[in-house]
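Here's the structure we're looking at; comments come further down.
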Amino acid sequence: MDELIIAGKAYSSRLLIGTGKYKDFDETRRAVEESGAQIVTVAIRRTNIGQNAGEPSLLDAVPPSQYTYLPNTAGCYSADDAIRTLRLARELLDGHDLVKLEVLGDPKTLYPNVVETLKAAEVLVKDGFKVMVYTSDDPIIAKQLEEIGCVAVMPLASLIGSGMGILNPWNLQIIIDNAKVPVIVDAGVGTASDAAIAMELGCDGVLMNTAIAGAGNPVLMASAMKKAVQAGREAFLAGRMPKKLYSASPSSPTTGMIGK
Amino acid sequence: MVECNPTFLTAILKAMQLTVNGTPHSFEQNPNLSQLLETLNLTGKRLAVERNGEIVPRSQFGETVLTDGDQLEIVVAVGGG
């Protein structure tokens, strides 16, 4: 069985999805179900004071008993804020220690601040967290994050929420070739072919949110992404034929042609 | 002569101030954390609390008596990527 192993735990799905930006919790639930994802990211935010006790919650739509929650540090611009957020998340989720670290550097591009990310990763790993880390597609930083003890490195394909696809497959390839932990493309996937390309490169998984939630029909796109990730993975495992530039090769027999 | 307007009286009576998620809240007596959550209609919700930068484990909500000037962050899980 071809499973994704993260921090010693096996997952049959290589598609990880975010739970933000959906129309309502029902759409979130249907998209998550259709995607087949087992790991879902969640954000940690201040609760609304004075809200109705019976107000629907993400935890009802996507129960943590059925899915592996991956609390993130989205919106954090310093190592300290990210560390605080994940300590709260661990308390919130009863000691759950698998987390997504992201430290941003710029509100316009949401580009990661790798200096703060490295600092936060050091502290969190020492504190017992299993850190899946969002980073740039810099192979040296990815390797350093692995050496610190992160359980997965998650380079961007392109900017968060941009849907621009994989802009630098060569850097991703270097990261994949050098990594001993799972490499998961996180951010920038726009449509199914982007996810398939990531998997064909040899990524261990793909994490996305906006590509599904921002689609015209999010539930149908969730289904497309599930298939794209599976197809890309199978193509990678099968090993593609070599590209033969300017050299055609017929698929049908060259002998036995009529009239000759 | 000091004018005794209702706001002034309330300020004296509710002498204890907490900041919860960035907003000030006044109390007459020092509540413990469980009592605060009840006042805020948050009892039974899945949440985590940080008091003055330190996590308060859920098991200690009842015995954590809040004091004037405490800064509290109360967080939940929400949809996000």
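Side chains included, hydrogens not; waters and symmetry mates left out as well; all remaining heavy atoms used.
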- Item | Contact origin within A:Ile160 toward chain B - heavy atom pairs under 4.5 Å | neither

- Query: Does the side chain to side chain contact (heavy atoms under 4.5 Å, CB included) test come out yes or no for B:Ile55 and A:Leu88, once each step is laid out?
  - Reply: CA-CA 7 Å; B:Ile55 303 271; A:Leu88 278 163; 3.6 Å; yes

- Message: Please rank B:Gly53, B:Ala48, B:Pro57, B:Gly80 by heavy-atom pairs under 4.5 Å with chain A and give me the top one.
- Response: B:Gly80

- Query: Hey, does the side chain of B:Arg46 reach the backbone of A:Leu92 with a donor-acceptor pair shorter than 3.5 angstrom?
  - Reply: yes

- With A:Thr47, the side-chain contact (heavy atoms from CB on, under 4.5 Å) member among B:Leu40, B:Leu37, B:Val75, B:Asn21: B:Asn21

- Query: Is a donor on one side and an acceptor on the other found under 3.5 Å between the side chain of B:Arg58 and the backbone of A:Glu91?
  - Reply: yes

- Query: If you tally heavy-atom pairs under 4.5 Å against chain B, which of A:Arg90, A:Lys100, A:Arg84 wins?
  - Reply: A:Arg84

- From CD (B:Glu73) to CD1 (A:Ile44), nearest 0.5 Å: 13.0 Å

- Atom CD of B:Glu54 with >12 non-hydrogen neighbours under 6.0 angstrom: no

- Item | For chain B, the option from A:Thr19, A:Leu16, A:Asn209 that forms the most heavy-atom pairs under 4.5 Å | A:Thr19

- Task: Drop me the distance from B:Ile74's CD1 to A:Ile49's CD1, to the nearest 0.5 angstrom.
- Result: 5.0 Å

- Examine distances only and state if a side-chain atom of A:Lys21 and a backbone atom of B:Gly79 form a donor-acceptor pair shorter than 3.5 Å. no

